[in-house]
Amino acid sequence: MAFNAYKFTHFYDAQTETASKKIEDKSKWDIIKGALFGINYSKKPNSIIPDLTFKIIHVKTKDSIDLEGWYLKTDSVAKGTVLLFHGHGANKSDVMEEAQEFLAMGYNAFLIDFRAHGSSGGNTCTIGYYESEDVSLAYNYIVNKGEHNIILWGISMGAAAIIKAVHDTGVHPQKIILEMPYGSLLQAAEGRLKIMHLPPEPLSGILCFWGGLEHGFWAFNMRPDEYAVKIDCPVLLQWGKQDPRVSEQEINDIYAAIPAGKRLVVYDSCAHESLCAKENAKWKREIKTFLLQ
């Protein structure tokens, strides 16, 4: 489990990683080795090549990791700026569909690759714990541009990182949109093991313990379902009813912790995936209604 915790929180540069095979191409020894020592995951490159409408932004973390972002301006007079934060193993290209919808609604968009993802530096991911600093850096960049109407949008790990950033770093957006955040890092580990068809207990606790120990923090304290109590702005919380990784109880716990000005929307046909892509009409309707409130 210590090996698996390490591999789950590390992404290797694609040009140096040769162990990523399709499951049907793996030998029996590959499968046994992966179960015992974890699987090497390559850093997923961005699939979109920026054109002249993209302003490429770079910010640095306190430990000098370079983060790359894309700043996109709406064609109309901007109503504000939406900051978009992707999930674990993804990158900013994966939330471009959501960004385009916000642009069409009249908002500028700022997308950033978390550390160890996409075009950003680093190879270590903490599933939202240290990524909360990345949220804060992106937020401060937009604040320094003079923007007064800032909306934070995040999916999965990105949503959890937003909640922690608000709790820890004094980030104060005007509104927040959270899609399928996990309730705690322990529950995130449970969800991961379930989709791997492995017993969540006692493996999730062991995985969580080693993951935190290897990265210098107590992982059991990573609790978005408790951190949410510090949110002091309107929140739209969204979740797919078919989600195999984030439970309904986790969503209800986060919703209960948010003090006020909140709305919960459930998407019946969606799993742990882009709600915008799967149920686009409903997603746009709910987002527009929330932003106009």
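The first residue in the sequence is number 1, and the count goes up from there. Predicted model, so just to flag it, every value in this text is computed and none were measured.
- Glu97 and Trp283 share no side-chain donor-acceptor pair at under 3.5 Å.
- A 4.5 Å side-chain heavy-atom check between Tyr12 and Lys7 finds at least one atom pair inside the cut-off.
- Under the 4.5 Å side-chain criterion, counting only non-hydrogen atoms from C-beta, Pro234 is not in contact with Leu236.
- One finds the CZ atom of Phe102 at 10.0 Å from the CG atom of Leu111 (value rounded to the nearest 0.5 Å).
- Under the 4.5 Å side-chain heavy-atom criterion for grouping Ile, Leu, Val, Met, Phe, Trp and Tyr, Tyr130 is not connected to Phe209 through any hydrophobic cluster.
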Applying side chain to side chain contact (heavy atoms under 4.5 Å, CB included) to Glu190 and Glu201, what does each step give before you reach the verdict? CA-CA 8 Å; Glu190 290 174 354; Glu201 296 299 334; 3.1 Å; yes
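- Among all heavy-atom pairs drawn from Cys276 and Glu101, the shortest one is SG-CG, 3.9 Å.
- For Lys278, the salt bridge (Lys or Arg N to Asp or Glu O under 4.0 Å) partners are Glu273, not counting sequence neighbours.
- For Tyr141 (side chain) and Gly69 (main-chain N/O), no donor-acceptor pair under 3.5 Å exists by modelled atom type.
- Using a 4.5 Å heavy-atom cutoff, the side chains of Ile176 and Ile163 are not in contact.
- Defined by atom type and a distance below 3.5 Å, a donor-acceptor pair is present between the side-chain atoms of His272 and Ser156.
- Lys73 NZ: 12 or fewer foreign heavy atoms inside a 6.0 Å radius.
- For Lys44, the salt bridge (Lys or Arg N to Asp or Glu O under 4.0 Å) test picks out Asp94, with sequence neighbours left out.
- The closest donor-acceptor contact from the side chain of Glu131 to the backbone of Tyr129 lies under 3.5 Å.
- Rounding to the nearest 0.5 Å places CD1 of Ile155 at 11.0 Å from CD1 of Ile162.
- Between Val265 and Phe290, every side-chain heavy-atom pair lies at or beyond the 4.5 Å cut-off.
- Within 6.0 Å of CG in Asp75 there are 12 or fewer heavy atoms belonging to other residues, nucleotides or ligands.
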Give the intermediate values and the outcome of side chain to side chain contact (heavy atoms under 4.5 Å, CB included) for residues Leu237 and Lys262. CA-CA 7 Å; Leu237 177 60; Lys262 54 190 177 181; over 6 Å; no
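- No chain of hydrophobic side-chain contacts below 4.5 Å, direct or via other Ile, Leu, Val, Met, Phe, Trp or Tyr residues, connects Leu186 to Phe217.
- Annotation: side-chain hydrogen bond (donor to acceptor under 3.5 Å, both in side chains) contacts involving residues 103-117, sequence neighbours excluded, comprise Asn46-Asp113, Tyr71-Asn108, Lys92-Asp113, Arg115-Glu133, Arg115-Asp134.
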Let me see the working for Phe114 and Ser120 under side chain to side chain contact (heavy atoms under 4.5 Å, CB included), right down to the final yes or no. CA-CA 7 Å; Phe114 281 124; Ser120 288; over 6 Å; no
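- Looking at residues two or more places apart in sequence or on another chain, you find a salt bridge (Lys or Arg N to Asp or Glu O under 4.0 Å) between Asp168 and Lys164.
- Counting only distance, with no hydrogens or angles, the side chain of Lys175 and the backbone of Leu291 share a donor-acceptor pair below 3.5 Å.
- Using a 4.5 Å cut-off between side-chain heavy atoms of Ile, Leu, Val, Met, Phe, Trp and Tyr, with links allowed through other members, Leu207 and Trp218 fall into the same hydrophobic cluster.
- The cluster map of Ile, Leu, Val, Met, Phe, Trp and Tyr, joined by side-chain heavy atoms under 4.5 Å apart, puts Leu193 and Leu185 in different clusters.
- In this structure, the side chain of Ser47 does not engage the main chain of Ser93 through any donor-acceptor pair within 3.5 Å.
- Residues Met1 and Leu203 are in side-chain contact: their nearest non-hydrogen atoms beyond the backbone lie under 4.5 Å apart.
- Contact between Phe11 and Ser42 at its shortest, heavy atoms only, is CD2-O, 3.8 Å.
- Using bins of under 30°, 30° to 60° and over 60° for the plane-to-plane angle, the ring pair Phe8/His88 lands in the tilted bin.
- Residue Tyr267 is tested with Glu279, Lys282, Glu179, Gln238 for a side chain to side chain donor-acceptor pair (under 3.5 Å); the sole match is Gln238.
- The backbone N or O of Val246 sits less than 3.5 Å from a side-chain atom of Trp239, completing a donor-acceptor pair.
- No side-chain donor-acceptor contact under 3.5 Å links Glu68 to the backbone of Ile112.
- Looking at Thr169 and Tyr139, their side chains never come closer than 4.5 Å, going by heavy atoms from C-beta outward.
- Counting all heavy atoms, side chain and backbone alike, Ile254 lies closest to Gly183 at CD1-CA, 4.1 Å.
- The main-chain N or O of Ser119 is never found under 3.5 Å from a side-chain atom of Asn91 such that the two would form a donor-acceptor pair.
- Between the CG atom in Leu83 and the CG atom in Leu137 there is a gap of 11.5 Å [rounded to 0.5 Å].
- For the pair Arg245 and Asp243, the tightest heavy-atom approach, listed with the atom from each and the gap, is N-OD1, 2.8 Å.
- In this structure the side chain of Pro173 never reaches within 4.5 angstrom of the side chain of Trp153, judged on heavy atoms.
- In this structure, the salt bridge (Lys or Arg N to Asp or Glu O under 4.0 Å) partners of Glu286, at least two apart in sequence or on a different chain, are Arg263.
- In this structure, the side chains of Glu248 and Val266 stay at 4.5 Å or more apart for every pair of heavy atoms.
- Gln249 CD to Ile251 CD1: the interatomic distance, rounded to the nearest 0.5 Å, is 10.5 Å.
- If you chain together hydrophobic residues whose side chains sit under 4.5 Å apart, Ile142 and Ile56 fall into the same group.
- Rounding to the nearest 0.5 Å places CG of Leu178 at 5.5 Å from CD1 of Ile231.
- When only modelled atom types and interatomic distance are considered, Thr124 and His215 share no side-chain donor-acceptor pair under 3.5 Å.
- Residue Ile49 places its CD1 atom among 12 or fewer non-hydrogen atoms of other residues, nucleotides or ligands, all under 6.0 Å distant.
- At distances below 3.5 Å, at least one donor-acceptor pair connects side-chain atoms of Gln174 with backbone N or O atoms of Ile150.
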Evaluate side chain to side chain contact (heavy atoms under 4.5 Å, CB included) for Trp210 paired with Asn4, printing each intermediate quantity in order. CA-CA 9 Å; Trp210 279 109; Asn4 274 276; over 6 Å; no
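- Ser274 and Glu98 share a donor-acceptor pair across their side chains, judged by distance under 3.5 Å alone.
- The nearest pair of heavy atoms linking Ala189 to Ser204 is CB-O, 3.9 Å.
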Name each donor-acceptor pair under 3.5 Å that joins a side chain in residues 221-229 to protein atoms two or more places apart or in another chain, with its distance.
| residue | atom | partner | partner atom | Å |
| --- | --- | --- | --- | --- |
| Arg223 | NE | Asp225 | OD1 | 2.9 |
| Arg223 | NH2 | Asp225 | OD1 | 3.4 |
| Arg223 | NH2 | Asp225 | OD2 | 2.9 |
| Tyr227 | OH | Asn221 | O | 2.5 |

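- Judged purely by atom type and a 3.5 angstrom limit, Thr74 uses its side chain to pair as donor or acceptor with the backbone of Leu103.
- Taking each heavy atom of Cys125 and Ala116 in turn, the nearest pair found is N-CB, 4.2 Å.
- Atoms CZ and CG, on Arg285 and Asn280 in that order, are 10.5 Å from each other to the nearest 0.5 Å.
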